*Asks:* 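Sharing a structure, written as structure tokens. Questions coming.
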Amino acid sequence: MQRTLIKDLHAAVGREVAVQGWVKAIRDQKRVQFLILRDPTGLAQATVERSPEKAVLNDRIAVLTRESAVTVSGTVVANPIVKTGGIEISIRDLTVDGPADRLLPIDVSGVQEPNPEIRLNWRFLDLRRPENLLVFQVQTVIEHAMREYWLQEGFVEIHSPKLMGSASESGAEVFTVEYFDRPAYLAQSPQFYKQMAMAAGFERVFEIGPAFRADPSFTPRHATEFTSVDMEMSWIDSHEDVMAFEERWLQYALERLRDRLGTQIHDTFDVDVVVPAVPFPRLPMADALKILARRGHTPERAGDLDPAGERLLSEYVAQELHHQFVFVTDYPAAGRAFYHMRHEHEPALTKGYDLLWNGIEVTTGAQREHRYNVLVAQAEEKGLSLEPIQFYLDFFKYGCPPHGGFGFGLSRMLMVLLARPNIREVTFVYRGPTRLFP
RNA sequence: GGGGGCGUGGUGUAGCCUGGUUCAACACACCUGCCUGUCACGCAGGAGACCGCGGGUUCAAAUCCCGUCGCUCCCGCCA
């Protein structure tokens with residue numbers, strides 16, 4: 001018999017169905033046995049009376065365990081008393097397809113919240129909780145909407161190599177791996193390769209893929225492996241074009257998300273998906289620091305925001321400008337990558353920006369320096385050795401258009417969007433400095 | 001890498017400050033029995049932890065001290 005999803009049971013009253021899912025609860029009473037079944041679409045009650053004719057079935061249910069994977073067949077019956085939708089399945093037969101051990105290592109029912117370490121150890125069980133499934137349904141809708149928007153705008157999807165012969169970023173720590181008889185490095189970002197696509201004349205590209213950072217960062221928003229959402233576009237006038245693209249792109253993705261899953265997100269996480277108005281507020285770094293100073297906060301490092309500063313600035317933007325997002329622009333060159341373009345009349349400042357969303361940095365973007373000589377000079381100024389990145393510098397020697405782009409943290413977005421406390425529970429399988437399993 | 005917090009049955013917690021007859025408790029899960037429809041089912045009973053690990057102080061340590069490991073948060077780094 002074809003499987004019926006739990007969400008469709010209400011349309012099958014009076015019919016024989018087969019439901020497949022997990023046993024959430026068993027209430028085995030003297031006269032009647034009740035099962036609460038869970039599949040990805042919802043919960044349903046299944047019932048059978050104890051009787052001599054049903055002895056085999058009754059006995060099977062008597063030894064059934066929670067979280068076993070089962071197939072239940074029976075007739076859908078309307079019964080207004082039943083809390084799971086006013087319908088239940090009168091069980092004709094039950095097959096245990098995958099039995100579960102009696103003692104579960106963590107509570108899947110949601111009554112208790114095991115500590116984070118144990119939840120990650122038993123991630124596949126933790127993920128059975130409906131709210132965790134929703135996180136990844138949200139991720140799916142967002143990624144899909146982002147791709148839709150890019151396709152409408154003529155972008156080409158690329159997949160850049162994750163094994164590299166030299167480090168892709170100046171500062172960030174890099175993982176070294178054995179590559180036959182020599183070392184290789186895991187890509188810290190697709191930066192060099194999306195710029196290569198600009199030199200190749202692709203004009204507009206995007207990539208959603210893994211990035212690796214060997215930073216021993218112990219915060220709720222860092223991972224050693226994460227999914228980076230990247231794009232790069234040619235023939236721009238300035239980083240303003242990149243920001244103008246990003247805000248419309250995010251607006252589109254969030255609008256699609258609100259329409260598709262807004263109600264479910266509200267019911268599950270008690271947060272409303274807000275479709276942001278464009279343009280997003282823009283604040284040059286110098287102004288941002290003045291605002292923070294007025295609010296009594298001065299970051300330790302000159303010319304940059306610390307995490308507390310990012311939170312306070314977002315608070316200011318929410319209160320005064322009524323927006324969840326803010327572009328912080330015109331970062332000092334000292335703190336930015338060598339390939340960020342500088343302002344013509346203010347070479348100490350870059351055409352680089354960060355995007356803050358409710359106090360968390362979700363994007364770094366910039367117009368890139370595409371003039372070979374200027375780029376080399378900036379690399380030398382940062383003390384970089386040119387030889388390992390010569391292949392990259394060569395991109396700019398044979399006719400590369402002006403261009404810019406950004407990198408966007410997918411899990412950070414989910415974390416902020418769904419108001420989750422850390423990146424680990426919105427990452428399918430988290431990787432951190434001390435976490436390589438499961 | 002620097003600083004703070006935490007580590008008690010399968011899970012979540014109490015006890016720790018003010019060491020010793022509430023020092024191993026409570027809830028969930030599990031086991032046995034009972035229960036005419038439950039829906040966080042209920043009721044009765046039961047099993048399960050040498051209190052992260054090592055050392056020290058003391059007549060006596062889950063409790064105080066030191067070390068160590070793990071987790072977590074803040075800072076640094078960033079997506």
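Residue numbering restarts at 1 for every chain, and letters A, B, ... go by the order of the sequence lines. None of these values were measured; they are calculated from a predicted model.
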*Asks:* Could you check whether the rings of A:F325 and A:W357 sit parallel, tilted or perpendicular, using 30° and 60° as the cut-offs?
*Replies:*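 Parallel, since the angle between the ring planes stays under 30°.
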*Asks:* Using Watson-Crick and G-U wobble pairs with both distances under 3.5 Å, what is the 5'-to-3' dot-bracket string of RNA chain B, with [ ] for crossing pairs and | for pairs outside the strand?
*Replies:* ((((((((.[[[[.)....(....]]]].(((((.......))))).....[[[[[..)....]]]]])))))))....
*Asks:* List for me each residue that meets salt bridge (charged side-chain N to carboxylate O under 4.0 Å, His left out) alongside A:K162, sequence neighbours excluded, and say none if there are none.
*Replies:*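 Once residues adjacent in sequence are excluded, the partners of A:K162 under the salt bridge (charged side-chain N to carboxylate O under 4.0 Å, His left out) criterion are A:E207.
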*Asks:* Mind calculating the distance between CG (A:L250) and C1' (B:A79) to the nearest angstrom?
*Replies:*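 Nearest whole value for this atom pair: 13 Å.
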*Asks:* Under 3.5 Å, which N/O atoms of the protein pair with N/O atoms of nucleotides 72-76 of chain B?
*Replies:*
unit_1 : atom_1 : unit_2 : atom_2 : d
B:C73  : OP1    : A:R424 : NH2    : 2.9
B:C73  : OP2    : A:R424 : NH2    : 2.6
B:C75  : OP1    : A:R311 : NH2    : 3.2

*Asks:* Apply side chain to side chain contact (heavy atoms under 4.5 Å, CB included) to A:F428 and A:V135, showing your working.
*Replies:* CA-CA 9 Å; A:F428 176 58; A:V135 169; over 6 Å; no
*Asks:* Would you tell me if any nitrogen or oxygen in the side chain of A:N115 comes within less than 4.0 Å of OP1 or OP2 on B:G7?
*Replies:*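 No, A:N115 has no side-chain N/O under 4.0 Å of OP1/OP2 on B:G7.
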*Asks:* Hey, could you give me the CD1/CD distance between A:I118 and A:E113, rounded to the nearest 0.5 Å?
*Replies:*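 Reported to 0.5 Å precision, the distance equals 12.0 Å.
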*Asks:* Scan nucleotides 26-30 of chain B against the protein and return all N/O pairs shorter than 3.5 Å with their distances rounded to 0.1 Å.
*Replies:*
unit_1 : atom_1 : unit_2 : atom_2 : d
B:A29  : O3'    : A:R66  : NH1    : 3.3

*Asks:* Produce the list of close N/O pairs, under 3.5 Å, pairing protein atoms with atoms of nucleotides 33-37 of chain B; give distances to one decimal.
*Replies:*
unit_1 : atom_1 : unit_2 : atom_2 : d
B:C35  : OP1    : A:K30  : NZ     : 2.9
B:C35  : OP2    : A:K30  : NZ     : 2.2
B:C35  : N4     : A:D28  : O      : 3.3
B:G37  : N1     : A:E88  : OE2    : 3.1
B:G37  : N2     : A:N79  : ND2    : 3.1
B:G37  : N2     : A:E88  : OE1    : 2.6
B:G37  : N2     : A:E88  : OE2    : 2.7

*Asks:* Go through A:E88 and A:K83 one step at a time and tell me if the salt bridge (Lys or Arg N to Asp or Glu O under 4.0 Å) criterion holds.
*Replies:* CA-CA 9 Å; A:E88 62 186 343; A:K83 291 189 177 176; over 6 Å; no
*Asks:* Write down the distance separating the C1' atoms in B:G67 and B:G7, rounded off to the nearest Å.
*Replies:*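 Result for the C1' pair: 16 Å, nearest Å.
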*Asks:* By nearest nucleotide on RNA chain B, pick out whichever of A:F408 and A:I118 is the more 5' one.
*Replies:*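 Its nearest nucleotide being more 5', the pick is A:I118.
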*Asks:* Answer with base, sugar-phosphate or nothing: what part of the nucleic acid does A:Q33 contact at a heavy-atom distance below 4.0 Å?
*Replies:*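 A:Q33: no heavy atom of the nucleic acid under 4.0 Å.
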*Asks:* Within the structure shown, what part of the strands sits under 4.0 Å from A:A223 by heavy-atom distance: base, sugar-phosphate, or nothing?
*Replies:*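 Counting heavy atoms under 4.0 Å across all strands, the contact made by A:A223 includes a base.
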*Asks:* A:F226 has an atom CZ; how far is it from atom P of B:C78, in whole Å?
*Replies:*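 Distance, rounded to whole Å: 12 Å.
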*Asks:* Within the side chain of A:K382, is there an N or O that forms a donor-acceptor pair under 3.5 Å with the backbone of A:A334?
*Replies:*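 The answer is yes, because a donor-acceptor pair under 3.5 Å joins these two groups.
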*Asks:* Using the side chain to side chain donor-acceptor pair (under 3.5 Å) rule, pick out the option among A:H370, A:R368, A:H403 that qualifies with A:Q195.
*Replies:*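 Passing option: A:H403.
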*Asks:* Provide, to the nearest angstrom, the distance between the CZ atom belonging to A:R119 and the C1' atom belonging to B:G12.
*Replies:*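 Computing the A:R119:CZ to B:G12:C1' distance gives 13 Å.
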*Asks:* Can you give me every donor-acceptor pair (side chain of residues 251-258 of chain A, partner residue at least two apart or in another chain, under 3.5 Å) with its distance?
*Replies:*
unit_1 : atom_1 : unit_2 : atom_2 : d
A:Q251 : NE2    : A:P276 : O      : 3.1
A:Y252 : OH     : A:E148 : OE1    : 2.7
A:Y252 : OH     : A:Q152 : NE2    : 3.4
A:Y252 : OH     : A:R256 : NH1    : 3.0
A:R256 : NH1    : A:E148 : OE1    : 3.0

*Asks:* Please evaluate residues A:F338 and A:E380 with respect to the criterion side chain to side chain contact (heavy atoms under 4.5 Å, CB included), reporting the C-alpha separation (whole Å), side-chain torsions for both, the decisive distance (0.1 Å), and the verdict.
*Replies:* CA-CA 9 Å; A:F338 73 97; A:E380 284 175 333; over 6 Å; no
*Asks:* For A:E153, check salt bridge (charged side-chain N to carboxylate O under 4.0 Å, His left out) against everything at least two apart and list the hits.
*Replies:*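 Listed in chain order: A:R204.
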*Asks:* Taking the same atom, C1', in B:G5 and in B:G9, what whole-Å distance lies between them?
*Replies:*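 Each nucleotide's C1' atom is 24 Å from the other's.
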*Asks:* What residues in residues 350-361 of chain A put a non-hydrogen atom under 4.0 Å from any atom of RNA chain B?
*Replies:*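 A:E361, in order of number.
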*Asks:* Tell me: CE of A:M231 to C1' of B:A79, nearest whole Å?
*Replies:*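 About 15 Å, once rounded to whole Å.
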*Asks:* Should we say atom CZ of A:F175 is surrounded by more than 12 heavy atoms from elsewhere, each under 6.0 Å from it?
*Replies:*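 Counting neighbours around CZ of A:F175, more than 12 heavy atoms of other residues, nucleotides or ligands fall under 6.0 Å, so yes.
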*Asks:* What orientation do A:F280 and A:H323 show, parallel under 30°, tilted 30 to 60°, or perpendicular over 60°?
*Replies:*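 Plane angle between 30° and 60°, so tilted.
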*Asks:* Going by the salt bridge (charged side-chain N to carboxylate O under 4.0 Å, His left out) test, which pairs reach into residues 424-438 of chain A, not counting sequence neighbours?
*Replies:*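 Found A:R420-A:E425.
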*Asks:* Between B:A44 and B:A29, how far is it from one P atom to the other, in whole Å?
*Replies:*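 Roughly 15 Å separates the two P atoms.
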*Asks:* Please answer whether the main-chain N or O of A:A100 pairs with a side-chain N or O of A:T65 as donor and acceptor at a distance below 3.5 Å.
*Replies:*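 Between the backbone of A:A100 and the side chain of A:T65 there is a qualifying donor-acceptor contact (under 3.5 Å).
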*Asks:* Assess, by modelled atom type and distance only, whether the side chains of A:E143 and A:T140 contain a donor and an acceptor separated by less than 3.5 Å.
*Replies:*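 Their side chains do not contain a donor-acceptor pair, so the 3.5 Å distance test is not met.
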*Asks:* Under the side-chain hydrogen bond (donor to acceptor under 3.5 Å, both in side chains) test, which residues partner A:Y430, sequence neighbours left out?
*Replies:*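 Listed in chain order: nothing, the list is empty.
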*Asks:* Taking the P atom in each of B:C64 and B:C75, what is the distance between them to the nearest angstrom?
*Replies:*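 My reading of the P atoms in B:C64 and B:C75 gives 29 Å.
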*Asks:* Suppose you measure atom C1' in B:G33 against the same atom in B:G70; what distance do you get, rounded to whole Å?
*Replies:*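 Between the two C1' atoms, the distance is 42 Å.
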*Asks:* When rounded to the nearest Å, what value does the distance between C1' atoms of B:C69 and B:G55 take?
*Replies:*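 15 Å, rounded to whole Å.
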*Asks:* Atom CG of A:N121 and atom P of B:G70: how far apart are they, to the nearest Å?
*Replies:*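 Taking atom P of B:G70 as the reference, CG of A:N121 is at 14 Å.
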*Asks:* Who pairs with A:Q139 by side-chain hydrogen bond (donor to acceptor under 3.5 Å, both in side chains), at least two apart in sequence or on another chain?
*Replies:*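 Checked A:Q139 against side-chain hydrogen bond (donor to acceptor under 3.5 Å, both in side chains); zero matches.
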*Asks:* Taking atom P in both B:C53 and B:U8, compute the distance separating them and give it to the nearest angstrom.
*Replies:*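 It works out to 10 Å between them.
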*Asks:* In whole Å, what separates the P atom of B:A25 from that of B:C50?
*Replies:*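 Here B:A25 and B:C50 have their P atoms 13 Å from each other.
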*Asks:* Do the non-hydrogen side-chain atoms of A:P307 and A:R221 ever get within less than 4.5 Å of each other?
*Replies:*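 Counting from C-beta outward, A:P307 and A:R221 do come under 4.5 Å.
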*Asks:* Which residues within residues 129-147 of chain A lie with some heavy atom under 4.0 Å of an atom in RNA chain B?
*Replies:*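 Under 4.0 Å from RNA chain B: no residue of residues 129-147 of chain A.
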*Asks:* Decide whether A:Q20 and A:T71 meet the rule of one side-chain donor and one side-chain acceptor closer than 3.5 Å.
*Replies:*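 Indeed, the side chains of A:Q20 and A:T71 share at least one donor-acceptor pair under 3.5 Å.
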*Asks:* Quick one: A:K162 NZ to B:A79 C1', roughly how many Å, whole number?
*Replies:*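 After rounding, the reported distance stands at 13 Å.
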*Asks:* Under a 3.5 Å cutoff, is there a donor and acceptor pairing between the side chains of A:N358 and A:S314?
*Replies:*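 No.
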